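This is a predicted model, so every value here is computed, not measured. Start at 1 and go down the list; that is how both ligands and their atoms are numbered.
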Amino acid sequence: MFILGIETTCDETGIALIEAKEDKVKILKNELATQYKVHQQYGGVVPILAAREHKKNLPLLLKNIEKNFDLRKIEFLSFSVGPGLLPALVSGKEFVQDLAKKLNKKIIPVDHLLAHFYSVLIRNKIGWQKIKEINFPSLVLIVSGGHTSLYLFKNWQEKRKLGETLDDAAGEVLDKCARYLGLPYPGGPEIEKLAKKSKNYFPLPKPMLQRGYHFSFSGLKTAFIDLVDEIKKYKKIDEEIPNLCFSLQKTIFEILIYKLKKAKENFKVQDIAISGGVAANQTLRKMVKKNFPNNKIYFPERKLSTDNGLNIAFGGYLLFKNGTLPLSYQEIDVYPRSI
Ligand code: AMP
Ligand code: MG
């Protein structure tokens with residue numbers, strides 16, 4: 001069957017077309033329009049501008065798919081219902097509803113965080129591929145620009161949220177601190193690059209370590225900004241930037257690993273999946289592998305770790321395969337907050 005997936009939760013507009021059959025999937029198109037240039041000057045994503053860009057880009061991306069494919073052949077549409085930015089989600093929803101009405105097709109709403117998790121099971125390659133298997137219960141950490149959430153999945157659909165950030169997301173802190181250092185947006189990859197040049201650690205606080213599985217990063221962000229201001233009083237900040245990047249990244253990743261370890265000890269965890277934009281970080285990947293030598297660890301391929309339509313199309317397929325029924329266009333809604 002053919003499935004069209006649509007992603008508009010944040011600052012990436014994505015539409016993808018896949019073909020799927022039993023435990024196999026084939027990526028036919030994965031169209032993406034990234035908006036980072038629009039938001040770069042503001043140092044973060046501006047929701048209303050994101051919505052405007054989605055509205056502009058969605059028809060253009062769809063045209064690229066329609067060129068070689070008759071959309072009436074799709075089984076259903078899948079679209080990312082949230083969590084995400086409300087205006088951005090609404091622009092996606094309206095587009096999907098119009099398209100579903102026009103094609104007389106139904107829709108499977110896909111939780112964006114679930115799609116990040118599922119994305120670890122496929123590869124970004126041409127031709128048919130077998131979907132990777134995962135052993136439940138699985139521990140799933142979604143760590144991105146908008147989320148830092150830890151879930152325990154009993155099976156494909158049954159998830160229990162163990163904890164999430166009570167303030168900033170890990171990626172958001174990387175972006176904001178990078179901005180304070182005068183580095184370009186998005187800050188995560190810049191910080192990763194610069195951190196490689198240093199091994200000097202400035203101690204930074206690790207808030208909320210003892211409070212269950214929740215995270216809190218805003219205190220760390222403030223401590224980092226205070227540290228930068230302090231350094232600026234007696235020397236040029238430039239020479240300390242690699243050390244600052246190294247310290248910030250290390251602190252955030254140690255917090256993530258601490259919570260993962262705690263969850264692993266308390267639940268009978270088999271496999272671990274880490275997804276979302278920050279999961280692209282090679283240092284984080286190495287640290288996780290080192291700390292969990294006896295678990296199978298899944299990361300998404302680099303291209304699939306940020307937001308895209310393919311994850312949503314694939315998520316729709318796995319839900320459908322596991323019994324989710326598609327809805328009519330009048331029945332769908334969006335959910336800005338995570339559940
Ligand atoms: P997402 O919200 O999933 O689209 O991912 C975007 C977030 O991932 C931003 O906060 C980026 O700074 C962060 N990010 C992307 N690549 C990396 C990297 N290599 N290391 C750390 N953070 C990253
Ligand atoms: Mg995302």
> Given F202, which of L248, L227, T251, V228 fulfils the side chain to side chain contact (heavy atoms under 4.5 Å, CB included) condition?
Replying inline: L227
> Out of L139, N295, N135, which one pairs with Q270 under the side chain to side chain contact (heavy atoms under 4.5 Å, CB included) rule?
Replying inline: N135
Which atoms of ligand 1 sit under 4.0 Å from any heavy atom of [X]?
X	value
L174	21 (C), 22 (N)
E192	18 (C), 19 (N), 20 (N)
G145	1 (P), 2 (O), 5 (O), 6 (C), 7 (C), 10 (O)
G171	10 (O)
D175	9 (C), 10 (O), 11 (C), 12 (O)

Do the side-chain N and O atoms of [X] and [Y] include a donor-acceptor pair separated by under 3.5 angstrom?
X	Y	value
Y329	N104	no
N291	K261	yes
D168	S218	no

> Which of the listed options, T34, I191, N281, holds the heavy atom that is closest to atom 21 (C) of ligand 1?
Replying inline: N281
> Between the candidates A169, G188, P189, which shows the shortest non-hydrogen contact distance to atom 16 (N) of ligand 1?
Replying inline: P189
>> For ligand 1 and P186, I'd like to know whether there is a polar contact (N/O to N/O, distance under 3.5 Å).
In response: no
> Would you say ligand 1 has an N or O under 3.5 Å from any N or O of G277?
Replying inline: yes
>> Within 45 degrees of the ring normal and closer than 6.0 Å to the centroid, is that where the cationic atom of K232 sits relative to Y180?
In response: yes
>> Please enumerate all residues that pass side chain to side chain contact (heavy atoms under 4.5 Å, CB included) together with P336, with sequence neighbours excluded.
In response: L86, L89
